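Keep in mind the model is a prediction, meaning the values are calculated, not measured. Sequence lines set the chain letters: A, B, ... in the order given, protein chains first and strands last, and positions in each chain run from 1.
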There are 2 protein chains.
Amino acid sequence: MEYQEAKDKFISTWGSLGTLWGINKAMAQIQSLLFISTKPLSMEEIMAELKISRGNTSMNLRQLMDWGIVTKELIPGERKEYFSTEKDVQELARHIAKERSRREIKPVIKVLKDVSSIKDDGTEKTRELIKQTKALHDLAETADAMMNKIVNQEQTWITKSLLKLIK
Amino acid sequence: MEYQEAKDKFISTWGSLGTLWGINKAMAQIQSLLFISTKPLSMEEIMAELKISRGNTSMNLRQLMDWGIVTKELIPGERKEYFSTEKDVQELARHIAKERSRREIKPVIKVLKDVSSIKDDGTEKTRELIKQTKALHDLAETADAMMNKIVNQEQTWITKSLLKLIK
DNA sequence: CTGAACTTTCAATAATTATTGAAAGTTTAT
DNA sequence: ATAAACTTTCAATAATTATTGAAAGTTCAG
């Protein structure tokens, strides 16, 4: 497999995996492209590589910046804006996990908590609703906590190693 | 909050969370309905409760059965088919994790492996592609393995200590 | 201040995905 | 074998989501 083929395959596969981490195709593809690029890319370059419109590129870059995984790089003397993504996979995973937790999981946990806290009127169906949503609530909370612990643990480890390097 | 309100809230919230585990709205809503039902439901009942068509109900029930989280219940003397879902959240999580791993994560890991195995021609861009896809491959593999370990409750010292950290 | 270089916005449109409903298919009782 | 009871299929349609592109907005050099 040649470079170009491997590159295209990577971008389209990673792009289609977007759903797995809750982002759209264009967003995922832009991130992929930046992830394997050896230097920051301009909007023009991204548009050309992925064959998407200026507007699309602009909006998706903004979303990626909202997610905290893409940053603007200002190159001295250049008018254009350049973009690059977090290159460290651990750090990338941390950002993604944190954002997904905040945007999607936490709000659902809140609803599960509310629903499982309704008054038990003694009927079978109410009891079942309470019981099952409570179980789901506990599971969701554990899973969310675990995910955050794992990714933050990684962060601690990285920070520790970094500190060692500095000393 | 009354029973009916709580029930509707649960079904629509859990339904909209469908994307999180990679299924569509109707599928997620049917599963939710069954999850809090005190008895197996017929197609008619599901259609009426969720206000969806017969065809839609049929197709989504089939998909839920493919996922292994809904089963047909044959009630003696009844012509109609009844459906129920796995009621144990741990078991449910296990099934979902296993299916997602098989359908989505494993194939992506395979592509990452192929892409990261291309011949190093010495150019910077090829080296970057290899380096980054390899890092992603390792991360994906670790995450997948860990998820399976956790849901399969194969509690080695690693997962045990992780669980302790959370509690 | 003006114009060139660049980015953002957003209404229109395209692409994708979900849903319907009626015809075809299946099963069972008689 | 027939008909009633029920389920599945799938072409048509609706709903949703993504994408475009041109106008409006911004920034900056001269």
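- Interface limits on DNA chain C: the 5'-most and 3'-most nucleotides within less than 4.0 Å of chain B heavy atoms are C:dA18 to C:dT28.
- Counting non-hydrogen atoms of neighbouring residues, nucleotides and ligands closer than 6.0 angstrom, the CD atom of A:Glu124 reaches no more than 12 such neighbours.
- No side-chain donor-acceptor contact under 3.5 Å links B:Thr38 and A:Lys125.
- Listed by residue number, B:Met43, B:Arg54, B:Gly55, B:Ser58, B:Met59, B:Arg62 are the residues of residues 35-63 of chain B with a heavy-atom contact under 4.0 Å to DNA chain D.
- Checking A:Ser42 against A:Lys80 by side-chain atom types alone, no donor-acceptor pair falls below 3.5 Å.
- Listed here is the closest heavy atom pair of A:Leu139 and B:Ala93: CD2-CB, 4.1 Å.
- Salt bridge annotation for A:Lys7-A:Glu49: present, with a cationic side-chain nitrogen under 4.0 angstrom from a carboxylate oxygen.
- Interface residues of residues 75-84 of chain A facing DNA chain C, ordered by number: A:Arg79, A:Lys80, A:Glu81; criterion, heavy-atom separation under 4.0 Å.
- For A:Lys98, the NZ atom counts as loosely surrounded, since its 6.0 Å shell holds 12 or fewer non-hydrogen atoms of other residues, nucleotides or ligands.
- Between B:Glu141 and B:Lys113 no salt bridge is recorded (no basic side-chain N to carboxylate O distance below 4.0 Å).
- Figure legend: cation-pi geometry between A:Arg100 and A:Trp67 absent, as NZ or CZ is not positioned both under 6.0 Å from the six-membered ring centre and within 45° of its axis.
- Rounded to whole angstrom, the span from the NZ atom of A:Lys72 across to the P atom of D:dT26 amounts to 13 Å.
- The number of heavy atoms from other shown groups lying within 6.0 Å of CD (A:Glu2) does not exceed 12.
- The 12-atom threshold is not exceeded at NZ of B:Lys134, counting heavy atoms of other residues, nucleotides or ligands nearer than 6.0 Å.
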